[in-house]
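Working notes, structure below.
Predicted model, so just to flag it, every value in this text is computed and none were measured. So that the names make sense, note that chain A is the first sequence line, chain B the second, and so on, each numbered from 1.
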There are 2 protein chains.
Amino acid sequence: MKNIDTEWSDFTRFEDNENNNFPADLKYSYKTYLKNEIIFRQGNLCDALYILVSGSVKTEMITETGNLMGIEIIKAPRPLAPAFLFSDNNRFPVEVTTLEVSEILQIPKEEVIRLMGVQPNFMRQFLVHNANRTQFLTNRLQMLSIKTIKGKIAHFLLEQYNEYGKTFQINRNQTELAEFFGVARPSLARSLSEMVQDEIIFINKKEYTILNKDYLKSLLV
Amino acid sequence: MKNIDTEWSDFTRFEDNENNNFPADLKYSYKTYLKNEIIFRQGNLCDALYILVSGSVKTEMITETGNLMGIEIIKAPRPLAPAFLFSDNNRFPVEVTTLEVSEILQIPKEEVIRLMGVQPNFMRQFLVHNANRTQFLTNRLQMLSIKTIKGKIAHFLLEQYNEYGKTFQINRNQTELAEFFGVARPSLARSLSEMVQDEIIFINKKEYTILNKDYLKSLLV
DNA sequence: TTTGATGTGTAACTTATGTTACACTTAAAT
DNA sequence: ATTTAAGTGTAACATAAGTTACACATCAAA
């Protein structure tokens, strides 16, 4: 699974260039929050682009690393829920709370739009980020809509196969994998060992080898 | 469940104004496809914005899962997978096939970017659409990551509650609801009747009434 | 009003997965 | 080298959901 955190930092890169390319009259503001302060409540209107420039916050939602609903910790620099800025129902779906003293840069929606007109790179980053996010969600949705554990495993392994070939490393332990799939750890272990037993896959520590690709494909239905 | 088709037509509105506001030198092309022609194969590069301007197409998740993400029929006017145009891995995730003679307008990626600079409304529509799409996916993902049937029902009913109050109509029959939740029909019926038994909800034909909202909320965990 | 199609309720049974618990292994820390 | 923590395998059992099957209800068409 790809870590999509990298694009987030790309996305906020524009801040570094502020002195150079940005409209001098751009409206924005910084706000500092204390530890354990609630920044957004669920249902709050999201009428600006909020970028966490320092500190860290926690929120509950689907995590960027792909784990199912739980508490996600967001470290600066990263925008907060930029996907909701332009949606028709632009309200925060979750509560956001600081974990330490944190600073948030806020750019009003209309200014964001203006900025995009002036700064094609900023626009591009925004578009790319949201596109990646959509793709990520689509992929997760596919994975979750497979109902059997072996099916989920197959989906995941075939993805790796497409990227790396029939042998690859998985840098997650069973517990993390189980969380990723949204299943119980012993259940995952059972399915995995059955698949090894049946010679569908071979596992040595964190190295996985696909022995029967066609069978894996048949599990996706 | 909200119908998100409406935004799609908004999004393509720019076509109507072509003569007025669009750069005269905008590069674009039209292509006509016969019935049952494959327009895109899974994995095809998506390097342009494709808008279905007449006709209709169907898409299938080739790899996965029956009911849940099954076959979608798309009628003109609507763009095809615009979310993928800007993603890092910009390949079509699905196969797209015409259902009748159909016409597709194609605007190269770079031209789309230029267009956005010139036409703030176009950009806005694009942003709004993708934001709504993300929200839709997020919501769907939330629903799917609830593991019990009663939990899924609760999630769905509470959504209706927030929009319409404690009594509302559901214009789907049990079979459709079961497909929507990705569960078996008799299992859904069993859960529903238990919830009625326990006086959590009341059902009369397609009219649902929420009797114990707090209990429904407790099912979401 | 009869017929057929579509939808609903529900029972008996099967199956996959979750739960809990514990022994064993490996890696890390002292 | 010894101790500790983290990770893995797996067994026994509980439970939710799937499967199949069928009776009954509703509604529209003939």
* Asked: Is any side-chain N or O of A/Q174 closer than 4.0 Å to OP1 or OP2 of D/dA6?
  ->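 For D/dA6, OP1/OP2 do not have a side-chain N/O of A/Q174 under 4.0 Å.
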Among [options], which is the nearest nucleotide to the side chain of [X]?
X      : options                : value
A/P186 : D/dT20, C/dA27, D/dT10 : D/dT10
A/N173 : C/dT10, C/dG18, D/dT8  : D/dT8
A/S187 : C/dG18, D/dT19, D/dT10 : C/dG18

* Taking the six-membered ring where the residue is Trp, are the ring centres of A/Y50 and A/F40 under 6.0 Å apart? ->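 Yes: the rings meet the under 6.0 Å criterion.
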* To do: Compute the centroid of each ring, for B/F202 and then for B/Y208, and state whether the two points are separated by less than 6.0 Å.
  =>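 No, the ring of B/F202 stays outside the 6.0 Å limit from the ring of B/Y208, centre to centre.
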Just how far, in rounded Å, is [atom2] of [N] from [atom1] of [X]?
X      : N      : atom1 : atom2 : answer
B/L188 : C/dT10 : CG    : P     : 13 Å
A/I153 : C/dA16 : CD1   : P     : 14 Å
B/I203 : C/dT8  : CD1   : P     : 10 Å
B/E176 : C/dT6  : CD    : C1'   : 11 Å
B/N204 : D/dA25 : CG    : P     : 16 Å
B/L219 : D/dA17 : CG    : P     : 11 Å
A/K206 : C/dA27 : NZ    : P     : 10 Å
A/I170 : D/dT8  : CD1   : P     : 12 Å

* Are side-chain N/O atoms of B/N139 and B/E159 paired as donor and acceptor at under 3.5 Å? ->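 B/E159 and B/N139 do have a side-chain donor-acceptor pair below 3.5 Å.
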* Asked: Nearest nucleotide by nearest heavy atom, which residue falls closer to the 5' end of DNA chain C, B/T175 or B/R190?
  ->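 Looking at DNA chain C, the more 5' nearest nucleotide goes with B/T175.
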* What about B/R185, does its side chain sit under 3.5 Å from the base of C/dG9 through a donor-acceptor pair? ->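 Such a pair is found, so the answer is yes.
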* Asked: Within 45 degrees of the axis of the six-membered ring of A/F180 and under 6.0 Å from its centre: does A/R172 put its NZ or CZ there?
  ->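 Geometry flag: set, cation within 6.0 Å and 45°.
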* Considering only heavy atoms from C-beta outward, does the side chain of B/H129 approach that of B/P82 to under 4.5 Å? ->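 In contact.
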